[in-house]
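Scroll down for the structure; my scribbles are underneath it.
Per chain, numbering begins at 1; letters A, B, ... match sequence-line order.
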Amino acid sequence: MPRGNDPGQGGPHASAGALATWFARTGRALPWRRPPAPGPGPHGWGVLVSEFMLQQTPVDRVIPAWTAWMDRWPQPTDLAADSPAEAIRAWGRLGYPRRAKRLHEASVVIVERHDGLVPDVHEHLLALPGVGEYTAGAVRAFAYGQPGLALDTNVRRVLARHDRGLPDALGSVTVEERRRAAELMPPADGEGAAWMAALMELGALVCTSRSPRCDACPIADSCAWLALGRPAGEARRRQAAYDGSDRQARGALLAVLRASDAPVTQRALDLAWPDAIQRARALDGLVADGLVVPAARGRWSLPA
DNA sequence: AAATCGTGGCC
DNA sequence: TGGCCAAGATT
């Protein structure tokens with residue numbers, strides 16, 4: 001019986017070997033990246049924190065924030081014992097501060113329902129605030145070595161190109177993408193998780209969105225997209241303008257709250273954003289998200 | 001299911 | 001310079 005995961009041999013797991021070799025040699029030593037261990041265990045927390053921070057924030061900006069975070073709250077119980085306000089402050093300018101609030105909420109659930117250890121059961125992970133399909137699969141794979149599917153933007157792009165000859169995977173993850181990824185994942189114990197990590201790293205370092213370096217790609221030989229001459233695809237939806245947006249307004253207001261230990265006056269918020277209508281809308285949104293709460297004497301504060 | 005949600009760096 | 005992109009989740 002041929003093993004089927006040697007490069008150039010064909011079959012569903014072709015090129016897995018070349019990819020693994022490349023990852024072992026080229027993969028970055030990111031601080032949250034450690035050999036997986038069967039869980040649930042204390043090592044799950046660092047991975048969970050990293051995945052929250054990496055939801056739409058680049059690795060380079062996450063590294064220092066992750067280090068400081070883990071230094072301050074080494075386990076879920078440490079974060080759960082602190083206030084959401086402190087989590088939101090420590091989040092700083094990583095963006096999307098709801099993630100900080102949800103990570104704090106998740107730590108509380110982990111303490112109350114999972115003995116203070118990040119769970120390794122998919123449904124339990126999915127039930128945590130701020131954890132979706134991707135993050136649940138990533139924790140299972142990267143923390144616990146399970147064959148969890150972690151179809152992030154990198155993995156989806158690599159598979160779209162290599163497997164389907166498409167320039168990228170647009171829209172949300174499809175059933176067919178999941179089916180195919182599960183089919184391609186090496187079946188051997190523990191190899192699925194390593195494969196996910198390698199694919200993701202390949203998308204981050206080589207098979208990038210803008211200028212893919214196919215000359216440095218370990219699986220270029222079998223890449224359908226390269227064989228087709230790297231055809232271009234349709235453009236994505238344009239991102240909404242940020243300048244002058246409600247998001248910028250929310251950011252400006254929250255920055256004031258983060259910088260103050262005491263509740264801030266309405267006046268202080270007025271100074272942070274000129275347009276009164278938009279300011280009110282932004283504040284409403286922040287309150288609805290639980291990121292800001294009314295305090296005494298008409299002031300505002302982060303959630304205690 | 002399309003829109004919303006921060007921030008910064010790169011070409 | 002400004003559009004594009006970045007380990008998504010939620011409603």
Among B:dC5, C:dC5, B:dG8, which is the nearest nucleotide to the side chain of A:Arg236? C:dC5
Between A:Leu128 and A:Val59, name the one whose nearest nucleotide on DNA chain C is closer to the 5' end. A:Val59
Whole angstrom value for the distance that separates C1' of B:dG8 from CD of A:Gln248: 12 Å
If you check the A:Asp152 side chain, which of C:dG8, B:dG6, C:dC5 turns out closest? C:dG8
Would you mind telling me which residue lines up with the more 5' stretch of DNA chain C, A:Val131 or A:Pro58, judged by nearest nucleotide? A:Pro58
Sugar-phosphate, base or nothing in reach of A:Thr135, heavy atoms under 4.0 Å: sugar-phosphate
P spacing across the pair C:dA9 / B:dG8, given as an integer number of angstrom: 23 Å
Taking all non-hydrogen atoms of both residues, which atom of A:Gly116 and which atom of A:Pro76 are closest, and how far apart? O-CG, 3.5 Å
Whole angstrom is fine here: how far is it from CZ in A:Arg98 over to P in B:dT4? 12 Å
Are the charged groups of A:Asp168 and A:Arg161 less than 4.0 angstrom apart, N to O? no
Is there a donor on the side chain of A:Arg247 or the base of B:dT7 sitting less than 3.5 Å from an acceptor on the other? no
For A:Leu103, report the nucleic acid contact type (base, sugar-phosphate, nothing); a contact means any heavy atom under 4.0 Å. nothing
Would you say a side-chain N or O of A:Tyr242 is under 4.0 Å from OP1 or OP2 of B:dT7? yes
Please evaluate the base of C:dG8 for a donor-acceptor partner in the side chain of A:Thr153 within a cut-off of under 3.5 Å? no
Heavy-atom nearest nucleotide on DNA chain B taken for A:Arg258 and for A:Ser211; more 5' hit belongs to A:Arg258
Name the nucleic acid region contacted by A:Leu94, choosing base, sugar-phosphate or nothing; use a 4.0 angstrom heavy-atom cut-off, strictly under. base
For the pair made of OH in A:Tyr134 and C1' in C:dT10, what is the distance, rounded to whole Å? 17 Å
d(CD, A:Glu133; C1', C:dG8) in whole Å: 12 Å
A:Asp243 CG to C:dT1 P, in whole Å, measures 14 Å
Has A:Arg140 got a side-chain atom pairing as donor or acceptor with A:Leu125's backbone, closer than 3.5 angstrom? no
Hey, does the side chain of A:Arg237 come within less than 4.0 Å of B:dA3's phosphate (OP1/OP2), counting only N and O? yes
To the nearest Å, give me how far apart CG (A:Asp246) and P (B:dT7) are. 13 Å
Just call it for A:Gly132: base, sugar-phosphate, or nothing, with non-hydrogen atoms closer than 4.0 Å on any strand. sugar-phosphate
Quick note, A:Gln55 side chain, CB onward, closest among C:dC4, C:dA6, C:dG8 is C:dG8
For nucleotides B:dA3 and C:dA7, find the distance between their P atoms and express it as a whole number of Å. 23 Å
Is A:Glu183 salt-bridged to A:Arg179, cutoff N-O under 4.0 Å? yes
Provide, to the nearest angstrom, the distance between the CD atom belonging to A:Gln239 and the P atom belonging to B:dC5. 13 Å
Need one value for A:Arg210: base, sugar-phosphate or nothing, where a base atom within 4.0 Å counts as base even if backbone is also close, heavy atoms only. base
Please work out if A:Ser209 contacts a base, only the sugar-phosphate, or nothing of the nucleic acid, heavy-atom cut-off 4.0 Å. sugar-phosphate
Base, sugar-phosphate alone, or nothing: which one does A:Arg93 contact when heavy atoms must sit under 4.0 Å apart? sugar-phosphate
Quick note, A:Arg157 side chain, CB onward, closest among C:dG3, C:dT10, C:dA6 is C:dA6
Side-chain donor/acceptor of A:Asp115 to backbone N/O of A:Leu117, under 3.5 Å: no
NA contact type, A:Trp66, heavy-atom cut-off 4.0 Å: base, sugar-phosphate, or nothing? nothing
For the side chain of A:Gln75 and the backbone of A:Pro42, is there at least one donor-acceptor N/O pair under 3.5 Å apart? yes
Check every atom of C:dA7, C:dC5, B:dT7 against the side chain of A:Arg28 and return the nucleotide holding the closest atom. C:dA7
Any N or O donor-acceptor pair under 3.5 Å from the base of B:dC5 to the side chain of A:Gln56? no
Give the rounded distance in Å between these two atoms: CZ of A:Arg102 and C1' of C:dA9. 6 Å
Less than 4.0 angstrom between a side-chain N/O of A:Arg250 and OP1 or OP2 of B:dG6, yes or no? yes
Decide yes or no for A:Val118 and A:Tyr144: does some side-chain heavy atom of the first lie under 4.5 Å from some side-chain heavy atom of the second? yes
Just call it for A:Val155: base, sugar-phosphate, or nothing, with non-hydrogen atoms closer than 4.0 Å on any strand. nothing
